[in-house]
Amino acid sequence: MLYRFGDIDKLYVEYVKRASPYTMEADHYHPYYEMYYMLSGQRIYFVGDRSYPVEQGDLVFIAPDELHQTMHAGEPEHDRLIMHFGPWYLSRFAPAEQELLLSPFRQASKVIRLPRQEHWQIDQLLRRLLAEIRDKPPGYELTPGLAVTELLLGVARYLQQHEPVPIYHDTPLHAKISEIVRHINAHFAEPITLAALSEQFYISPYYLSRKFKEITGFPFTDYILLTRVKEAQRLLRETDRNISDIAAEVGFDNFSHFGKTFKRIAKLSPRDYRKRT
DNA sequence: GCGATATGCATAAAAGGAGG
DNA sequence: CCTCCTTTTATGCATATCGC
């Protein structure tokens with residue numbers, strides 16, 4: 001079952017109910033803000049540098065260009081509401097208001113579990129939004145924008161007054177993988193091999209390879225390449241440095257390899273990518 | 001002993017690197 | 001770009017180790 005509203009690169013709302021196992025296709029990072037609300041079921045979300053168990057009533061906040069992945073946890077049945085918006089959506093607000101509304105994305109924990117009272121209000125709000133995009137009464141096009149603003153404001157106010165309930169690592173191994181991910185995030189421009197990392201973190205390469213995939217949802221090398229290409233894209237957008245410099249800067253010591261990899265991930269050659277933006 | 005966690009090996013698959 | 005050879009990683013299966 002699926003209802004949707006809006007354009008993927010503008011304000012967009014989608015409701016999906018799934019009964020069969022599902023793994024995320026592409027688009028592990030994107031230029032818009034994304035929020036999930038779990039209406040039922042369980043999933044595991046990897047966002048940024050760690051994975052979170054996500055259950056009914058939880059909210060997930062993913063900032064632009066943050067690497068993320070979703071994985072199944074137990075029963076495959078789940079339904080969720082997905083919302084995204086580009087930075088332009090906020091341009092109607094004053095800078096201080098924008099900061100406030102974005103505060104949920106700036107939290108250390110990307111998953112927020114609200115206590116009973118606050119949760120009830122958010123739940124009502126989002127169920128009304130769902131009914132609007134499903135039934136399409138006159139003027140329903142106005143509601144996604146209102147609901148997103150109200151959701152952000154509600155969560156932002158809550159965060160100003162409370163420390164969010166911490167969501168712990170499932171196991172010490174989760175904590176370790178998270179540590180390894182942070183290490184990669186900080187050192188992606190240097191040569192990284194499974195063998196070297198496994199030695200550094202006292203874990204067998206075979207085991208690391210398996211568990212990295214299991215916990216982050218990304219194969220080890222994919223994660224590194226995604227991180228490098230994402231940074232290369234940023235440099236292409238924000239600087240005018242030449243492409244081979246950028247390739248070397250983000251950790252590719254072979255230019256032709258960079259080209260192939262970039263195209264596979266970005267669906268565009270580096271030159272075309274720069275032209276388009 | 002049992003289940004969960006961790007490792008090793010063999011081999012398939014994929015990526016990296018160099019040259020045409 | 002494409003092709004070919006090398007290196008690295010992914011994974012099924014077997015086995016070891018730990019905590020209880």
Side-chain angles (χ1 to χ4, degrees), chain A residues 20-29 42-55 67-76 167-236 241-276:
Chain A
S20 51
Y22 156 77
T23 17
M24 221 167 109
E25 54 312 321
D27 242 22
H28 302 295
Y29 62 96
Q42 288 189 319
R43 298 289 285 172
I44 293 170
Y45 270 84
F46 173 86
V47 187
D49 62 8
R50 57 159 295 177
S51 56
Y52 304 82
V54 176
E55 32 187 81
L67 234 54
H68 58 282
Q69 177 70 279
T70 153
M71 290 155 282
H72 71 92
E75 294 303 307
I167 294 172
Y168 293 104
H169 288 290
D170 282 354
T171 66
L173 183 63
H174 281 71
K176 187 164 204 166
I177 294 290
S178 174
E179 199 186 329
I180 292 172
V181 169
R182 281 193 298 277
H183 180 271
I184 295 173
N185 290 347
H187 300 282
F188 63 85
E190 301 156 28
I192 299 175
T193 63
L194 191 62
L197 269 190
S198 60
E199 201 170 322
Q200 184 172 351
F201 287 88
Y202 308 104
I203 184 170
S204 110
Y206 313 106
Y207 194 51
L208 174 55
S209 174
R210 280 162 224 263
K211 291 295 165 179
F212 191 94
K213 168 83 175 289
E214 184 185 312
I215 290 170
T216 67
F218 297 102
F220 174 70
T221 42
D222 283 14
Y223 186 86
I224 295 170
L225 295 174
L226 282 167
T227 306
R228 287 176 173 165
V229 168
K230 183 156 74 73
E231 177 65 6
Q233 287 178 303
R234 190 184 68 77
L235 292 171
L236 286 166
R241 301 173 53 195
N242 72 49
I243 294 174
S244 50
D245 282 359
I246 290 177
E249 171 84 22
V250 301
F252 288 91
D253 39 278
N254 182 296
F255 186 66
S256 78
H257 177 221
F258 170 73
K260 268 189 283 190
T261 307
F262 190 97
K263 192 157 189 178
R264 176 167 63 81
I265 293 171
K267 313 278 190 266
L268 230 50
S269 71
R271 188 168 42 89
D272 290 349
Y273 180 84
R274 173 174 268 166
K275 252 193 286 183
R276 182 159 313 189

Contacts under 3.5 Å, N or O only, protein and nucleotides 14-20 of chain C:
none

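Picking from B:dG17, B:dA6, B:dA15 the nucleotide with the shortest atom distance to the side chain of A:Asn254 gives B:dG17. Checking B:dG17, B:dG8, C:dT9 against every side-chain atom of A:Thr221, the shortest atom distance belongs to C:dT9. In this structure, of C:dT9, B:dT7, C:dC1, it is C:dT9 that holds the atom nearest to the side chain of A:Leu194. You'll find that the side chain of A:Tyr207 is closest to B:dT7, out of C:dT11, B:dT7, B:dA15.
Using a 4.0 Å heavy-atom criterion, one finds that A:Pro219 contacts the sugar-phosphate atoms exclusively. Within 4.0 Å of A:Phe220, counting heavy atoms only, lie sugar-phosphate atoms of the nucleic acid but no base atom.
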Side-chain polar contacts of residues 199-209 of chain A - donor-acceptor pairs under 3.5 angstrom, sequence neighbours left out - could you list them?
from, atom 1, to, atom 2, distance (Å)
A:Gln200, NE2, A:His183, NE2, 3.3
A:Ser204, OG, A:Tyr206, N, 3.4
A:Ser204, OG, A:Tyr207, N, 3.2

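In this entry the distance linking CD1 of A:Ile177 with P of B:dT5 reads 13 Å, nearest Å. Taking atom NZ of A:Lys211 as the reference point, atom P of C:dT11 lies 13 Å away to the nearest angstrom. Going from atom CD1 of A:Ile203 over to atom C1' of B:dG8 covers 14 Å, rounded to whole Å. In this structure, A:Lys260 places its NZ atom 14 Å from P of B:dA14, rounding to the nearest Å. Protein atom OH of A:Tyr206 is 12 Å distant from nucleotide atom C1' of B:dT11, rounded to whole Å. We find that NZ of A:Lys176 is positioned 13 Å from C1' of B:dT5, with the value rounded to whole Å. Distance A:Glu214 CD to B:dT5 C1': 11 Å, rounded to the nearest Å. One atom, CZ of A:Phe252, and another, C1' of B:dA15, lie 11 Å apart when rounded to the nearest Å.
At most 12 heavy atoms of other shown residues, nucleotides or ligands fall within 6.0 angstrom of atom CZ in A:Arg271.
For C:dT11, the OP1/OP2 oxygens have a side-chain nitrogen or oxygen of A:Lys213 closer than 4.0 Å.
Across A:Ala266 and A:Gln233, no two heavy atoms sit closer than the pair CB-NE2, 3.4 Å. Considering every non-hydrogen atom in both A:Ile192 and A:Phe188, the closest pair reads CD1-CA, 3.8 Å.
A 4.5 Å side-chain heavy-atom check between A:Asp222 and A:Phe212 finds every atom pair outside the cut-off.
Electrostatic pairing of A:Lys211 and A:Glu214 counts as a salt bridge here, judged by a charged N lying under 4.0 Å from a carboxylate O.
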Criterion salt bridge (charged side-chain N to carboxylate O under 4.0 Å, His left out) on A:Arg234 and A:Glu231, from CA distance to verdict: CA-CA 5 Å; A:Arg234 190 184 68 77; A:Glu231 177 65 6; 2.8 Å; yes
